[in-house]
Colleague: 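Quick one: the structure is below, questions incoming.
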Amino acid sequence: MFVVRDKVIHMKDFYIKDARERVGEEVTIMGWVYRKRRHGKLIFVVARDSTGIIQLSVKKQNVDENGFAAARDADIEASIVAHGTVAEDERAPGGVEVRCDEFALVSPAPDFPIQEDTGTEALLDIRHLALRSTKTQKIMKIKSSVIQAARDYFDKHGFHEVFPPILMSVAGEGGSTLFPLEYFGQTAYLSQTAQLHLEAAIFSLENVYSLTPSFRAEKSRTRRHLTEFSHIEGEMAWCDEECNEKVEEGLVASICNAVGSRHADILEEFGQDAAYFRDMEPKFERITYDEAISIINAKGLPIEFGNDLGYEEEKVLTEDFEHPFFVKNFPKDIKAFYMKQKGDRAVCADLEAPAGYGEIIGGSQREDDYQLLVERLLKEGEEIDNYQWYLDLRKYGSVPHSGFGLGIERLVRWILKLEHIRDACLFPRTPSRIYP
RNA sequence: GCCGUCAUAGCUCAGUCGGUAGAGCGCCCGCCUGUUAAGCGGAUGGUCGCAGGUUCAAGUCCUGCUGACGGCGCCA
């Protein structure tokens, strides 16, 4: 409850998106000043809230003296409450405006530091204010729906959400760089994947997923990397790699369907075809690593068999695909120790987004044999003691199982074709930015 | 870790051959009753990233440093 000009207001009961259905009615707008144009005794205030923007026309003859002064003094991003009648008017942006009979300033916003031509760096320095932009607002709505759709999918398919630890004693994937931290006299690390702990959880819940931040201490300076990202990971007992890919494509297609049908307006504002997402089928093409190598070579980019696909290779490989697709059966030497192997190959698949937006999912069937895991850990120079708990999972009722990790920001970036992955993040963390 | 670019007003930038620091926008003041990131007039605004060097004179040339941005590698 708060008081504006002697009126007690208990809650907001009008959102700007509903203006068109409320033409002719009196409403109370609560929001922030988005734009302002003064014309002497007439002031146009464009207000925004979480749902949209609308023009408020404030005429001196229609409001009292304090109200007019408030409209005159309300700076960009000042918080305001206004009352008036919703009217159709083709002179107003969007064709609807509110003709105000009351206008009050809730809190001023002198010298808001963002204007039209503010550059990337300056915006990142004041991300806590820049996230008010309608662009960020829309991106975060998409991200929210992506996560909701993912949870819906898992729920419908018999998964349980679990909450693995973020504080870890050892690496999840050998070689990757970890953020160390002081933990009561010993060194702990921020999790770079929940996978190992999810593997433990399947012996209780069989099909599990988690949504956690993951951390990578690589000084990656690219449009595809963050040091902290939102990670959806799934792990399934009694599930081979084929089964794994079915879950992955089902999940991604179902997320795309949901976003396509719920947010056609936002997709189109970002230049995307809503129908493409709404109608996406959970049937993604599968190619092998060997086929990928041939395609890349055929396109004139030489790559030797046995090498991992770098960004240039991914870009060339993905440019002709319309939908996301799997690349399967990478040579075992370029993949992680925990993947099941078959001959010289890892039993794995990465899901690549089209048009060079990069890997969205990395997944594999996991090695379920105790001895083979011990051998690989030793070969990589790891301390077996650190992994004893993980090895125990193969000692007590081991089962074939598979799992995957999906990068939420990468998926959102691909859906909206965002320039940079940090645009898909409220407070992006990169090697050079941990503030604000 | 590697390669490259950049750093001048609150923001976006210009600054020629080394010769007293500029513009647009914003903020502030004034005018304006239908604007569409309005328009017109006025005013304000600077440790030229930091340190050193060359020179009568450095935003400009040289050296070092710092920071950010762009790209590679690593990955989701």
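Since this is a predicted model, take the numbers as computed values, not measurements.
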Colleague: Among the candidates rC72(B), rU12(B), rA76(B), find the nucleotide nearest to the side-chain atoms of E359(A).
Modeller: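 So the side chain of E359(A) is nearest to rA76(B).
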Colleague: Using only modelled atom types and a 3.5 angstrom limit, is any donor from either the side chain of Q55(A) or the base of rU35(B) paired with an acceptor on the other?
Modeller: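 Checked by distance alone, the answer is yes.
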Colleague: Using OP1 and OP2 only, check whether a side-chain N or O of R422(A) sits under 4.0 Å from rG70(B).
Modeller: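 True: R422(A) side-chain N/O within range (under 4.0 Å) of rG70(B) OP1/OP2.
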Colleague: When rounded to the nearest Å, what value does the distance between C1' atoms of rG10(B) and rC27(B) take?
Modeller: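 Per the computed distance, 8 Å lies between those C1' atoms.
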Colleague: On the nucleotide rG73(B), are OP1 or OP2 found under 4.0 Å from the side-chain N or O atoms that T222(A) carries?
Modeller: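 Indeed not, no polar side-chain atom of T222(A) lies that close.
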Colleague: Check every atom of rC27(B), rG73(B), rC75(B) against the side chain of S220(A) and return the nucleotide holding the closest atom.
Modeller: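 Looking only at side-chain atoms, S220(A) lies closest to rG73(B).
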Colleague: Has F229(A) got its ring stacked on rA76(B), by the test of a centre gap below 5.5 Å and a plane angle below 30°?
Modeller: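 Yes, F229(A) stacks on the base of rA76(B).
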Colleague: Rounding to a whole Å, what distance do you find between R429(A):CZ and rA68(B):P?
Modeller: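 After rounding, the reported distance stands at 14 Å.
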Colleague: Counting heavy atoms from C-beta on, name the nucleotide in rC75(B), rG24(B), rU35(B) closest to the side chain of R410(A).
Modeller: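 For the R410(A) side chain, the nearest candidate turns out to be rC75(B).
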Colleague: Can you find a donor-acceptor pair, distance only, under 3.5 Å between E116(A) side chain and rU12(B) base?
Modeller: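 Answer no: no donor N or O sits under 3.5 Å from an acceptor.
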Colleague: Under 4.0 Å between a side-chain N or O of R221(A) and OP1 or OP2 of rG70(B)?
Modeller: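 Result: yes.
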Colleague: Say you pick atom C1' in rA37(B) and the same atom in rG22(B); how far apart are they, in whole Å?
Modeller: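 One C1' to the other, the span is 25 Å.
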Colleague: Determine: side-chain N/O of R37(A) to OP1/OP2 of rC32(B), distance under 4.0 Å, yes or no.
Modeller: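 No, R37(A) has no side-chain N/O under 4.0 Å of OP1/OP2 on rC32(B).
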Colleague: Under 4.0 Å: is that the gap between some side-chain N or O of R38(A) and OP1 or OP2 of rA37(B)?
Modeller: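 Result: no.
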Colleague: Under a cut-off of 3.5 Å for both distances of each Watson-Crick or G-U pair, what dot-bracket string does RNA chain B give, using [ ] for crossing pairs and | for inter-strand pairs?
Modeller: (((((((..((((.....[..))))..((((.......))))......(((((..]....))))))))))))....
Colleague: Please check this pair: side chain of S191(A) against backbone of T193(A), looking for a donor-acceptor N/O pair closer than 3.5 Å.
Modeller: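 Answer holds: yes.
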